[in-house]
Amino acid sequence: MAKNIWVFCEQRDGEIQNVALELLGVAHELAEKTNEKVNAVLLGHNVKDKAQMLIAHGADGVYVVDDENLEKFVTEPYAQAITHIAKKYEPNVILFGATSIGRDLAPRLSARLKTGLTADCTKLEMDEEGNLFMTRPAFGGNLFATIICPDSRPQMSTVRPGVMKKLEADASRAGEVVVEALEWDTSKFAVTVLEEVKAEKAEANIEDAKILVSCGRGVKNLESAQELASKLHGTVSASRTLVDAGLVDHARQVGQTGKTVRPEAYLAFGISGAIQHLAGMEESEFIVAVNTDKNAPIFKVANLGIVADAEAVFKNLNKLL
Amino acid sequence: MKIIVCIKQVPNTTEIKIDPVTNTLKRDGVPSIINPDDKTAIEAALTLKEKTGATVTVITMGPAQAEKALREALAMGADEAFLLTDRAFAGSDTLATSTIIAAAIKKLGADVVFCGRQAIDGDTAQVGPQIAEHLGIPQITYAAAIDYCNECGALIVKREFEDRYQTLKVAGPCLITILSTLAKPRYMNVWDIVAQDEKEIRIITFADLDLNKEDIGLGGSPTKVKSTATKQFDKTIETLELDPESAAKAIVDALKERHLI
């Protein structure tokens with residue numbers, strides 16, 4: 001019988017991605033419901049030493065395939081490796097980060113393993129029988145659908161980065177590391193990597209910011225937003241309007257087509273709060289909204305809502321701090 | 001080279017609004033469009049056609065009105081168009097949908113398959129890779145540029161990630177999913193608008209394909225929608241009307257209270 005909850009632990013250049021740790025956190029919660037184990041799946045080349053970190057973050061065991069065919073991400077070798085271990089151990093659930101790697105690999109595997117896959121989940125729940133309830137936004141965040149996969153195993157899902165909470169690392173946790181090897185079907189390796197180039201400029205990582213000064217249509221002068229952000233040791237983010245207008249880089253966009261953030265404080269200036277935007281920030285610990293329109297939907301999610309002109313409030317804040 | 005482009009007709013979700021009274025989606029009068037990534041996929045295929053003399057076949061699965069999307073693709077310059085439509089296809093999830101589309105591609109024959117990266121109504125990005133697996137051909141997703149290398153007879157594809165890109169080479173049949181940033185889709189041209197009127201949209205039904213009923217439709221879909229809900233907000237707070245100076249002070253006080261400054 002299919003058993004245990006697996007997390008595909010994405011690494012890039014040997015560095016475990018944050019989303020992998022977040023997924024171990026949610027997997028841990030789900031596993032408590034059914035007394036299953038959490039297994040990390042770690043694929044790459046010279047990555048075996050990362051297994052301990054995955055155990056510290058909640059994995060009860062780690063399956064490692066360490067091979068030069070897995071040095072750079074290419075779909076087919078990664079799919080072969082996971083298929084090999086999934087057929088051998090028959091997991092109940094496999095979770096992937098909804099990244100450009102997870103969203104490439106997971107659908108390929110779902111077709112190979114002939115099972116269902118739910119994309120971009122923002123909430124996961126489990127019943128006592130081990131059935132997974134996967135909730136995801138649909139229609140640009142206007143609607144939420146809860147999806148089940150009652151008759152096929154493994155139940156598969158990709159999960160948005162930044163939504164789930166990782167556990168505090170605990171170095172005293174113990175877990176088993178199982179190294180797997182497989183016979184590669186190299187006749188299927190038709191894609192060759194000619195080069196891999198990392199982005200030059202370090203993109204602003206709004207997902208890691210403690211405080212976000214977020215700007216929307218009501219903000220014309222981004223310099224005062226930048227000034228406020230540096231005074232607060234925060235980062236500037238923006239709604240889609242400013243990104244589409246070319247005033248702010250896409251990497252700083254919050255919302256359905258941008259990033260999901262949950263900072264300790266989200267300060268929304270001149271953002272009306274379209275549902276697509278709210279989907280990306282409503283989990284923030286503390287939300288302040290400043291907008292001239294007292295009916296703006298952003299006020300529905302704000303802890304402190306102020307009807308005022310964003311620019312004028314910027315000026316006063318910068319004076320005050 | 002024969003290129004098949006898979007497209008989807010979608011409601012223009014940027015125009016969908018919530019009815020504030022019933023809290024449901026207002027879809028009436030929302031126009032249908034070719035999914036944006038798919039439209040770029042058509043453009044990419046037409047560009048490759050101009051370079052290599054390839055032929056471009058466009059297919060879509062959907063109800064009869066999806067013909068409009070195919071007509072638009074023909075008017076952009078596609079050579080032929082097929083509509084996959086059958087009651088038996090209804091209710092398919094991504095896996096069942098990909099099973100049907102893969103069966104149609106097998107029947108039509110293709111050297112290269114293009115899809116958009118994802119559709120704006122579902123945002124799953126799953127059908128493309130699932131088709132590729134059914135066909136047993138390699139996939140390249142998130143394509144930001146595609147070029148054909150004459151000397152090596154292979155496609156060279158720029159594949160985007162969040163923090164990097166790869167340049168990939170693929171010889172032989174493959175499926176590529178395309179980002180809307182790859183190119184700006186051309187407008188329909190007058191001659192092709194006239195010419196497409198003459199062209200027939202050909203229909204493919206369940207009976208035309210090598211498919212098992214139990215692999216498609218609602219019954220052949222491993223995932224089921226258990227429930228749907230519109231967004232609910234549980235935070236209710238007082239919205240204060242303050243002058244800018246008091247507003248700034250209220251914000252600073254609140255951040256201090258939470259030890260954030």
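Proteins get letters first, then strands, A, B, ... in listed order; numbering begins at 1 in each.
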Q: Check the pair Asp104(A) / Arg159(B) against salt bridge (Lys or Arg N to Asp or Glu O under 4.0 Å), numbers first and verdict last.
A: CA-CA 11 Å; Asp104(A) 175 287; Arg159(B) 197 279 195 206; 3.4 Å; yes

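Summarising the local packing, NZ of Lys224(B) is surrounded by more than 12 heavy atoms from other residues, nucleotides or ligands at distances under 6.0 Å.
Summarising the geometry, atom OG1 belonging to Thr75(A) is positioned 10.5 Å from atom CD belonging to Glu133(B); distances are rounded to the nearest 0.5 Å. Rounded to the nearest 0.5 Å, atoms CD (Glu196(A)) and OG1 (Thr167(B)) are 9.5 Å apart. Atom CG in Asp253(B) sits 10.0 Å away from atom CG in Leu304(A) (nearest 0.5 Å). Here Lys226(B) contributes atom NZ and Thr135(A) contributes atom OG1; the two are 9.5 Å apart, rounded to the nearest 0.5 Å. Here CD of Gln139(B) is found 4.5 Å from CZ of Arg108(A). Values are rounded to the nearest 0.5 Å. If you take CG on Asp93(B) and CD1 on Ile147(A), they are separated by 9.0 Å, rounding to the nearest 0.5 Å.
Only the backbone of Lys114(A) has a heavy atom closer than 4.5 Å to any heavy atom of chain B. Within the 4.5 angstrom heavy-atom criterion, atoms from both the backbone and the side chain of Ile251(B) approach chain A. Residue contact with chain B, scored on non-hydrogen atoms closer than 4.5 Å, involves the backbone and the side chain of Val191(A) alike. For a residue to count as touching a neighbouring chain, one of its non-hydrogen atoms must lie under 4.5 Å from one of that chain's; by this rule Glu160(B) touches chain A with the backbone only. Proximity to chain A involves both the backbone and the side chain of Thr124(B), based on heavy atoms less than 4.5 angstrom apart.
Chosen from Val193(A), Asp309(A), Val74(A), the residue pairing most often with chain B at heavy-atom distances under 4.5 Å is Val193(A). Counting heavy-atom pairs closer than 4.5 Å to chain A, the top-ranked of the candidates Ser221(B), Ser227(B), Pro138(B) is Ser227(B). Highest contact tally toward chain B, considering only Leu105(A), Leu320(A), Leu109(A), is held by Leu320(A) [criterion: heavy-atom pairs under 4.5 Å].
Taking 4.5 Å as the limit, every side-chain heavy atom of Thr146(A) sits out of range of all side-chain heavy atoms of Val225(B). The shortest side-chain heavy-atom distance between Ile148(A) and Thr223(B) does not fall under the 4.5 Å cut-off. With a 4.5 Å cut-off on side-chain heavy atoms, Ile156(B) and Leu194(A) count as touching. Using a 4.5 Å heavy-atom threshold, the side chains of Phe144(A) and Thr228(B) count as separate.
Between the side chain of Glu241(B) and the main chain of Lys294(A), no donor-acceptor pair closer than 3.5 Å is present.
Proximity to chain B at a heavy-atom threshold of 4.5 Å picks out nothing from residues 155-162 of chain A.
For the residue pair Leu255(B) and Ala265(A), the shortest heavy atom distance occurs at CD2-CB, 3.9 Å. Pairing each heavy atom of Asp123(B) with each of Arg136(A), the nearest pair is O-NH2, 3.8 Å. Listed here is the closest heavy atom pair of Pro107(A) and Gln130(B): O-CG, 3.3 Å. In this structure, Ala247(B) and Val313(A) approach most closely via the heavy-atom pair CB-CG2, 3.9 Å. The two residues Ile306(A) and Ala250(B) come nearest to each other via the heavy atoms CD1-CB, 4.3 Å. Here the shortest heavy-atom pairing between Ser152(A) and Pro222(B) reads OG-CB, 3.5 Å.
Among residues two or more places apart in sequence or in another chain, the ring-ring contact (aromatic ring centres under 6.0 Å, His included) test is passed with Phe269(A) by Phe314(A).
Glu162(B) and Arg12(A) are joined by a salt bridge, as a carboxylate oxygen and a charged side-chain nitrogen come within less than 4.0 angstrom of each other. Ion pairing of Asp13(A) with Arg164(B) is present here, as a side-chain N (NZ or NE/NH1/NH2) and a carboxylate O approach within less than 4.0 Å.
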Please list, one pair per line, the donor and acceptor atoms closer than 3.5 Å that link side chains of residues 118-125 of chain A to other protein atoms, with sequence neighbours excluded.
| residue | atom | partner | partner atom | Å |
| --- | --- | --- | --- | --- |
| Asp120(A) | OD2 | Arg103(A) | NH2 | 3.3 |

Ignoring hydrogens and angles, write down the donor-acceptor pairs under 3.5 Å from the side chains of residues 168-185 of chain B, residues two or more places apart or on other chains.
| residue | atom | partner | partner atom | Å |
| --- | --- | --- | --- | --- |
| Thr177(B) | OG1 | Tyr142(B) | N | 3.2 |
| Ser180(B) | OG | Asp37(B) | OD1 | 3.3 |

